[in-house]
Amino acid sequence: MLFKEVPKNLDFPEMEHEIAGFWQKNDIIAKYLDKNKGKKKWSFQDGPITANNPMGVHHAWGRSYKDMFQRYKTMKGFEQRYQNGFDCQGLWVEVEVEKELGFKSKKDIEKYGIDKFVQKCRDRVHKYSMVQTESSVRIGMWMDWGEWKTSMDDKDWMKKSHSYYTMSEVNNYTIWHFLKKCHERGFIYEGVDVMPWCARCGTAISDMEIATEGYQELTHKGVIVRFEIIGRENEFFLVWTTTPWTLTSNTGVAVHPTLTYVKVKNNGVIYYLAKALVNVLKGEYKILQELPGKDLLGLIYKCPFNYLPAQKDVIHKVIPWEDITESEGTGIVHIAPGCGKEDFALGKEFDLKTIAPLDELGIYLPGFDWLSGKDVKDVAQPIIEDLDKRGLLYNVEDYTHRYPVCWRCNSELIFRLVDEWFISMNTLRHEIAESAKQVERWIPSYGLAHELDWLKNMADWCISKKRYWGLALPIWKCKCGHFTIIGSKEELQQRAVEGWDEFAGNSPHRPWIDRIKIKCEKCGKLTMRIPDVGNPWLDAGIVPFSTIRPPDDMHTLDNGYPYDKTYWQEWFPADLISESLPGQFRNWFYVILTMSTVLEKKPPFKVLQGYASLHDEHGEEMHKSKGNAIWSDDAAEKVGADIMRWMFAKHNPVQNLNFGYGPAKEIKRVLLTLWNVYSFFITYAEIDQFNPVNKKISESNLRKLDKWILSKLNSLIEQCDKAYDNFDLTSVVKISEKFFEDLSNWYIRRSRKRFWKSENDIDKEAAYLVLYECLVKLIRIIAPIMPFFCEHMYQNLVKNLDQNAPESVHFCDFPEPDSKRINPTLEQEISMTRTIVSLGRAARNKANMKIRQPLASMTINVPGECPGLSDDAKHTILEELNIKTVKAIGTDALSQVYMFSAVPIFDKIGPKFAKSVNKVGQWIKSLSHEKIEQLINAGSLKGTVHGETIAISKEDIEIRKIEVPGASVMIQGDYGVSIDTKLTQDLEYEGLIRELIHKTQLMRKEANFNLTDRIKIFYQTDEKLKDAITDNLDYLKSETLALEANEGLQTGEIEKTLDINGIQAKITLQRVSTET
RNA sequence: GGGCCUAUAGCUCAGUUGGUUAGAGCGCACGCCUGAUAAGCGUGAGGUGAGUGGUUCAAUUCCACUUAGGCCCA
C-alpha cells in the first residue's frame, strides 16, 4: 500500500485526536518552536487570558487568530517567542474563590484569613491555567507551554510553565518600577472622588470595568419632592430623583441658566419647574410667570432632611448647570455631592458641602438619625414614607432605566465618596495620544480614532482597590501626610526598618508585604503600606516590559527590564498584538500604551489586529447564566477544532461572530469538498500505484486543463501570501474555498476519465502529478489555519512516501509561487467556457431538456473583445452539455434565434389615438418581426387600422425579444447560448437509450451486481423503444456490460417496469458471470 | 450632547483608484448526475442597495443631512 486508505466521511474530532497523538509522540511542538532559532525575528505580544475559568469559544476565537498569525510567520522562517500569558490577580478571581468558599462579604474573607484566601486565589490560577493550556493545545494552539501538567502542591509550578503569569514577582516588581516613574513625574496622588461602588464586594468599580454587561434595565422609584424656598411663603421647587437614599445628603439644586422655567399655582401652592415638564403636575394648575433658570440662582431652600445631624448648619443653594435636559424629571436637579460623580464636580465648583452617608458595605453612617445602621438597599420605601408623612412628597412613580451593576456579582452599584489612589492624566493623556499615533497600523483602521477619543475623555486612572488578591501597591503613607513609593524589591529591602524577615521568601502580596514598615522621609516616623491592592489592568499593562525576558530564565529579577535590556530590546516593540476590540480600547490597549509611554515614550506594538464579539448562532450575547455559552472543549469535541478555526478565520473580524453548530455544519460541507478531492486522489492513486516521488511535471505532457489549474494554484499562493502578510485571514479562506471549488468541480470533474482509463500513459501520469502538486501545495497554504487536517493529509500524501521530507507539515516553508505558471489568458478562457456551460445548462433547464437527451446544435454569443473559443473549449462545452455541434459563435450569433414583438405603451399612445387606442394597441401587438425591424430602423411606422392610416413612433412601443420556436436561449451580459431543442428521430432514440442505460445501471446496483458482472437483458416494450434499441444495440450492451439484449420475458435476479421518457418497458436482468 | 461603527436577497454576509446587468452561502423551488454515491452538481425565484439631497458624464461606492441599530464617552 502506497497510501493509507481514507474514510469517505471525515470525523474531525477523531482525526484531530489521532494527529494530536502523533504530535505528542514525536515531540513535534518542541521541534516547531525550535525550528527558526537564530533567524530573523518577528515579535508577537500575547495579551493575558484570565486564568479563572475554563476556556469559552470566544477565547478560542481570539486564540486561534494568535496561533494562525504565528504559524504563518513560522512558515515564513521567522524566529518567535511563542509566549503565552495568564492574567492572575484581581477581583474576578477573588469572586470565584468567594463563591467556592460560600462567602458573602469581605468580613468572611478577613475571618478566614487573608493569607489562606490569597493562597486559594493562587491555587485557582494554577488550576485554571493548566485547564486553559490543555484546551488551547486541543484547538491546536502551539505556544511555548513548557511543563504545565504540574501537581497542585508543586512549589515550582510557575517556573516549569513557560507561560507568563501576571502574579509573578517579576511582573509585580516591574509595576512598582512603573509607579515609581509616575511618581517621579508627580502623577500619583491620593484623591477623594465619588466612584461607582459595589457594596457587596466593598470596592470601587473603575470606569474601565463598567463594561457592556455593567448595565442592566432596572426599575426604581422616581420621586418628586417639594423643596421649600426660604424667605418665600408657600413656594417650593419640584425636584425629581430616582435615588431617594441620596436625598439625605442633598446640599444643592441645579437649574439650567437659559432654559425657561415656570412659576405655577397648583392646589393652592406655588411651584417652580421647567416649562417643558409641566405635565408632571397633578390636577389643575395656572402658570403665573415664565422665567429663565438664571433668575432662580442664589435662592436658598430647606432640604427635606435638614433635621439629620449630618445636615446641621448646611446652607442649601441653587446653582447653574448647563447639562440639564428637558427630557425627564422637573428640570430642577437634586445635587448630593457625596453621592454622584457630576454632583461632586459641581459641588467643588460651586462650593457646596459634601456629605458622605455610607460606609464601604453600604450602611448609613452615624449622623443620619433613624437611618444610621440601615442598609442602603432597604431604605427607598421608608424614606418615601417619611417624606410623605412630613408632607414633602409630591408624587412617586416606577421608573425603568439602565442602571450600572457590578460586573462580577451583579449587585446594583451606588456612588460613594472614597479615598483612592490615582494616576493623573492631565499631561500624560497627550503623551499617550502621541504614542498611539505612532502605531504603524490599526486593523480596523478606525482603531486610532477610537483610542484617541477614549484618551481625550477618560478620567484619571484609579489604581487602587480595597481588596486582597492583587498587586500590593508600593505606597507607604505616613500619618504626617507624606507618602513614599518604592520602585523595586531592592529598594524595599534597603528601606525596610521592620518586617523584612517575615516578608522575605514570600511574593510581594498581602498579607506578608504588609508586615514591612519604613521610615517616613519627612518626619522620620515608622509608616505602614496602604492596605489597597492595585487595579488588575496594571498587571496586564506591564507585560510588554515584564515578560520579554530569556525564556529559560523568566523569573530572575535582574536579567530583564529595567535592569538588563539586552534581550528585551531585541523583541520590543511587538510586531503584532491581536485582541478583542470592544473593551480593550479602554483596557488593555490603553494600559499598555500608558505604561509604555511612561517608560519608553513609544507604543509597545507596531500593528494591532482586533476583532469583535462572539455571540450565539442567533446573534444573542453568550452568558453562562443564559445557558447559551459554549466551552471551547465541548465545541472542539462536537465539531472539531479545525472547523472552528476555519470558521474563525473566514469571518470578517470587525463583525460580531455568531457561533453555533448550525453555522459549523456549513463550514464542514465546504471542507468536505476538499476532503473528497483528497479521498478521490488516494482512491485512484492506490489503484494505479501512482508514486509521485522523484517524478516531475513535464511541460510537454500537460493539457490545457492542467495548465489552468496550475495557474490557479500559483495565483492562490501569491494571493494568500499577501493576505496573510496583511493579517487578512478572511481573504485567505475565501480564495482558498474558491480554489477547492475549481479543483473539485472543474479540474477533477473534467479529468475523471483520465484517472479511470485502464492504461497508465503519460496523460494519466500528468493528471496525477498535477493533482498531487495542487494538494501538497494547498495544504501548506492552509496549514496555519487547519493544523490537524493538513497534517493528516501531509502525512499520507508526502511523509508516507518520502522519508526525507520534513517530519511535519508545520516544519515546511510557505510555498513560493511560480509566476511563470500564472496565465491570465488561460484562466479567462476557462472561465468563459464555464460561463457558457452554465448558460447551456440554464437553457436546458428552461426547455426541460435533461442532459441525457442529446441535442443537435447550439449557438454561442461571446463579447467582442473575446478571442473566440479554442477547439478545446468547444469540445468541452459540447461534452458537458451533450450537444452534437456548435452552429455559430460570434458577437452577434444570437440574432437569428430572436424575433421582435411589440407591446404598446398606453401612456404614450393614449393621448395620440384617444378612442381607437385599443384597436391600435391590438395592431401593435400583431406587428411582425420584420415590421418592427423597419420601425426600429426608420424610427416610425405607418399602418392601417380599421381603414384609417395611422403612424406610430419608436417611443410608443416597448420592444421585446422572444425566442423562435425550437430554441431555448439564455443570456448573461454579453454571453448568450441558444440550444436547438428540436429532436430528430436519431436524437430521440439516442435519448431513449441513454435513459434506458441509466435506469438499467440503477437496477444493477439495486440487485447488488459487481461493477464488472456480465448480464443479459430482456425487455418487453412498444415499437418505438424497440426500434431505438435495435438502432443502438452495441451502445446499450457495452454501457451495461450486457452480453445480450433480447426481446421477451425471462426470470432473472431483478425485474422491473420502467418509465423511459414516457414509454413503459418491462426489464429483466440476468447475471451471467461474476468476478471477485 | 460628543466620538466611532453599521444599514445590500427571507437569514448570515461579500463587494475600492466611482464604470455595462450588485455577488456568495444557507433556506426555498425545480432539476441533473449516478465509477468521489447515506456524496456530488446545476438552474431558478428573491434587491426601489435605509431615506433625502449634493459632487460627477456616471454613485452601492465620495460628501452632507435624516432615520434606525450597535459600541464608547459625557
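Below, read A as the first sequence line, B as the second, and so on, with proteins coming before strands; counting in each chain starts at 1. No hydrogens, no waters, no symmetry mates; every other heavy atom, side chains included, goes into these values.
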One thing to verify: whether A:Lys437 and A:Glu434 come together as a salt bridge, which I'm taking to mean a side-chain N less than 4.0 angstrom from a carboxylate O. yes
Taking atom C1' in both B:rA74 and B:rU61, what distance in whole Å separates the two? 34 Å
In whole Å, measure the gap between the P atoms of B:rA59 and B:rA50 for me. 15 Å
OP1 or OP2 of B:rC32 versus the side-chain N and O atoms of A:Gln853: is any pair under 4.0 Å? no
Between B:rC41 and B:rG25 - C1' atom distance, rounded Å: 15 Å
In terms of ring plane angle, is the pair A:Tyr772 and A:Phe681 parallel, tilted or perpendicular, where the classes change at 30° and 60°? tilted
Hey, does A:Asp453 reach any base, or is it just sugar-phosphate, or nothing, if we go heavy atoms under 4.0 Å? base
Quick test: give all pairs of protein nitrogen or oxygen and nucleotides 37-39 of chain B nitrogen or oxygen below 3.5 Å, distance rounded to 0.1 Å.
residue	atom	partner	partner atom	Å
B:rA39	O2'	A:Asn676	ND2	3.3

A:Ser744 side chain to A:Phe740 main-chain N or O, any donor-acceptor pair under 3.5 Å? no
Would you call the rings of A:Phe680 and A:Tyr684 parallel, tilted or perpendicular if under 30° counts as parallel and over 60° as perpendicular? tilted
What pairs of nitrogen or oxygen atoms, one from the protein and one from nucleotides 43-46 of chain B, lie under 3.5 Å apart?
residue	atom	partner	partner atom	Å
B:rU43	OP1	A:Ser838	OG	3.3
B:rU43	O4'	A:Asn845	ND2	3.2

Please list, pair by pair, any protein nitrogen or oxygen found under 3.5 Å from a nitrogen or oxygen in nucleotides 23-27 of chain B.
residue	atom	partner	partner atom	Å
B:rG25	O2'	A:Glu666	OE1	3.1
B:rC26	OP1	A:Arg669	NH1	2.9
B:rC26	OP1	A:Arg669	NH2	3.2
B:rC26	O4'	A:Glu666	OE2	3.4

Take the protein atom OH of A:Tyr446 and the nucleotide atom P of B:rC71, then report the distance between them rounded to whole Å. 12 Å
Choosing from B:rC72, B:rC4, B:rA36, which nucleotide comes nearest the side chain of A:Ala449? B:rC4
